[in-house]
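To start, the structure itself, in structure tokens.
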Amino acid sequence: MKASLKAKYDADKATAASAVTLAFNAGDVKLRASMTDATVVNGPSLNGLALAVDKPGSFSIDYNVPKKDFRFMFMNTIKVSDKPLNLAYSHSLGDQKTVLDGTLVIDSDNKVSVNHVLGSGNCKFKYTYVHGGITTFEPSYDLAKDSWDFAVSRKVYADHVLRAAYQTSSQNLTVDWATKSKLIGSYKVSANFNLEGGLKVPKVTAESTWDFEM
């Protein structure tokens with residue numbers, strides 16, 4: 001059995017939140033149960049409780065207990081001109097939202113992704129290019145907003161990644177620093193700048209995750 005503990009701190013709101021996830025292997029299927037601090041604060045409750053069953057690369061079923069809402073996802077990979085095309089279909093019963101995702105892996109450095117919400121008339125396109133195995137460029141286009149987003153990330157040393165993403169429609173710039181270690185867990189610090197009307201004090205959040213074998 002594997003357990004994961006995640007904590008998040010929002011400096012702007014001066015608030016902290018945490019979540020715990022337990023995962024069990026049942027053959028090639030994984031069973032997961034997760035809860036947030038809302039589940040135990042002020043006495044045990046169903047708030048923040050979620051259950052899931054998934055088979056990596058095949059399907060996943062998530063159940064939000066307090067909302068009584070199911071979300072289904074089915075995945076498959078086919079070949080297009082000997083290139084793998086990863087497909088995903090997801091549907092949420094609560095908001096009746098169906099999403100189609102497709103990613104064509106051209107080679108180890110290049111891939112193209114498309115995201116479409118059925119009935120919305122909108123598509124999002126993204127191109128990913130990895131340069132030298134260190135730097136990743138991700139321009140994307142939102143058809144409904146008629147806007148471009150840009151992201152670039154770079155590995156620093158072995159376990160550290162710096163990433164910057166800019167949304168042209170909202171003029172939001174997000175800068176992340178993330179690191180992952182078997183000894184100290186995973187950490188991410190994010191600073192969000194809204195550049196509309198000039199540079200302002202960023203909103204800063206910090207996340208940490210620890211994984212355990214039980």
Item to complete: For the residue pair H91 and Q96, establish whether any side-chain heavy-atom pair is separated by less than 4.5 Å.
Response: yes
Worksheet item: Given side chains that start at C-beta, do those of T209 and D211 come closer than 4.5 Å, heavy atoms only?
Response: yes
Worksheet entry | Atom pair OG/CG of S140 and D149 - distance to nearest 0.5 Å | 4.0 Å
Worksheet item: Rounded to the nearest 0.5 Å, what separation is found between the OG atom of S4 and the CG atom of L22?
Response: 9.0 Å
Worksheet item: Should L100 and N115 be marked as a side chain to side chain contact (heavy atoms under 4.5 Å, CB included) after you check the CA-CA gap, both sets of side-chain angles, and the distance that decides it?
Response: CA-CA 6 Å; L100 301 177; N115 171 277; over 6 Å; no
Fill in: Closest non-hydrogen atom pair, M35 against L49
CB-CD1, 4.3 Å
Discussion item. Test of understanding: clusters of I, L, V, M, F, W, Y form through side-chain heavy atoms closer than 4.5 Å, transitively. Do V175 and V156 belong to the same one?
Written reply: no
Worksheet item: Salt bridge check: are K83 and D107 linked by an N-O gap of less than 4.0 Å?
Response: no
Worksheet item: Which atoms form the tightest heavy-atom contact between P66 and G48, and what is the distance?
Response: CG-N, 4.0 Å
Discussion item. How close do P56 and D54 get, counting heavy atoms only, and between which atoms?
Written reply: CD-OD1, 3.8 Å
Item to complete: Apply the test salt bridge (Lys or Arg N to Asp or Glu O under 4.0 Å) to residues R32 and D62: give CA-CA distance (whole Å), side-chain angles for both, the deciding distance (0.1 Å), then the verdict.
Response: CA-CA 9 Å; R32 288 181 288 111; D62 296 85; 3.7 Å; yes
Worksheet entry | Hphob cluster co-occupancy, F137 + I134, side-chain heavy atoms under 4.5 angstrom | no
Discussion item. Checking the side chain of H160 only, and the main-chain atoms of W177 only, is there a donor and an acceptor separated by less than 3.5 Å?
Written reply: no
Discussion item. Are V65 and L51 packed together at the side-chain level, in the sense that at least one heavy-atom pair is separated by less than 4.5 angstrom?
Written reply: yes
Worksheet item: Between Y63 and F70, does the ring centroid distance fall short of 6.0 Å?
Response: yes
Discussion item. Within a 6.0 Å radius of atom NZ on K200, are there more than 12 heavy atoms belonging to other residues, nucleotides or ligands?
Written reply: yes
Practice prompt. Take V189 and V204, measure what side chain to side chain contact (heavy atoms under 4.5 Å, CB included) needs, and give me the verdict at the end.
Written response: CA-CA 7 Å; V189 178; V204 179; 4.3 Å; yes
Item to complete: Treating Ile, Leu, Val, Met, Phe, Trp and Tyr as nodes and any side-chain heavy-atom pair under 4.5 angstrom as an edge, say whether F72 and V53 lie in one connected cluster.
Response: yes
Worksheet item: Within a strict 4.5 Å, meaning less than it, do heavy atoms of the V201 and F193 side chains meet?
Response: no
Practice prompt. Following the transitive rule for hydrophobic clusters with a side-chain heavy-atom cut-off under 4.5 Å over Ile, Leu, Val, Met, Phe, Trp and Tyr, establish whether L5 and F24 coincide in one cluster.
Written response: yes
Worksheet item: Does any N or O in the side chain of N192 come within less than 3.5 Å of the main-chain N or O of T174, such that one atom is a donor and the other an acceptor?
Response: no
Response to the item:
Residues R163 and A151: closest non-hydrogen pair is NH2-CB, 3.4 Å
Item to complete: Find out if a path of hydrophobic residues (ILVMFWY) with successive side-chain heavy-atom gaps under 4.5 Å connects Y127 to V130.
Response: no
Worksheet item: Quick check: does any side chain N or O of T128 sit under 3.5 Å from a backbone N or O of N110, one acting as donor and the other as acceptor?
Response: no
Worksheet entry | L195 and Y166: CA distance, side-chain angles, deciding distance, side chain to side chain contact (heavy atoms under 4.5 Å, CB included) verdict | CA-CA 10 Å; L195 303 182; Y166 179 67; 3.9 Å; yes
Item to complete: Might you point out which heavy atoms bring L143 and G121 nearest each other, and give the distance in Å?
Response: CD2-O, 4.3 Å
Practice prompt. Check whether any side-chain heavy atom of F74 sits under 4.5 Å from a side-chain heavy atom of N76, and report yes or no.
Written response: no
Worksheet entry | Co-members of the apolar cluster containing V99 [side chain, <4.5 Å] | V117
Worksheet item: Is the shortest distance from a Lys or Arg side-chain nitrogen in K111 or E138 to a carboxylate oxygen in the other one below 4.0 Å?
Response: no
Response to the item:
One should read off an interatomic distance between D176 CG and L162 CG, to the nearest 0.5 angstrom, of 9.0 Å
Worksheet item: How far does OH of Y141 sit from CG of D146, to the nearest 0.5 angstrom?
Response: 3.5 Å
Practice prompt. Identify the two heavy atoms, one from N122 and one from H116, that lie closest to each other, and give their separation to 0.1 Å.
Written response: O-ND1, 2.6 Å
Worksheet item: Can you tell if the side chain of K6 reaches within under 4.5 Å of the side chain of S18, non-hydrogen atoms only?
Response: no
Worksheet item: Do the non-hydrogen side-chain atoms of M75 and M73 ever get within less than 4.5 Å of each other?
Response: yes
Discussion item. With a 4.0 Å cut-off on N to O distance, would you call K55 and D28 a salt bridge?
Written reply: yes
Worksheet entry | Beyond-backbone contact of K97 with L118, side-chain heavy atoms, under 4.5 angstrom | no
Worksheet entry | Full working for side chain to side chain contact (heavy atoms under 4.5 Å, CB included) between F150 and T168 | CA-CA 8 Å; F150 301 92; T168 58; 4.2 Å; yes
Worksheet item: Do the side chain of N86 and the main chain of T77 share a donor and acceptor less than 3.5 angstrom apart?
Response: no
Response to the item:
NZ (K145) and OG (S170) are apart, to the nearest 0.5 Å, by 6.5 Å
Worksheet item: If you round to the nearest 0.5 Å, how far is OG of S113 from CG of L104?
Response: 9.0 Å
Worksheet item: Are S92 and R71 linked by a side-chain donor-acceptor pair shorter than 3.5 Å?
Response: no
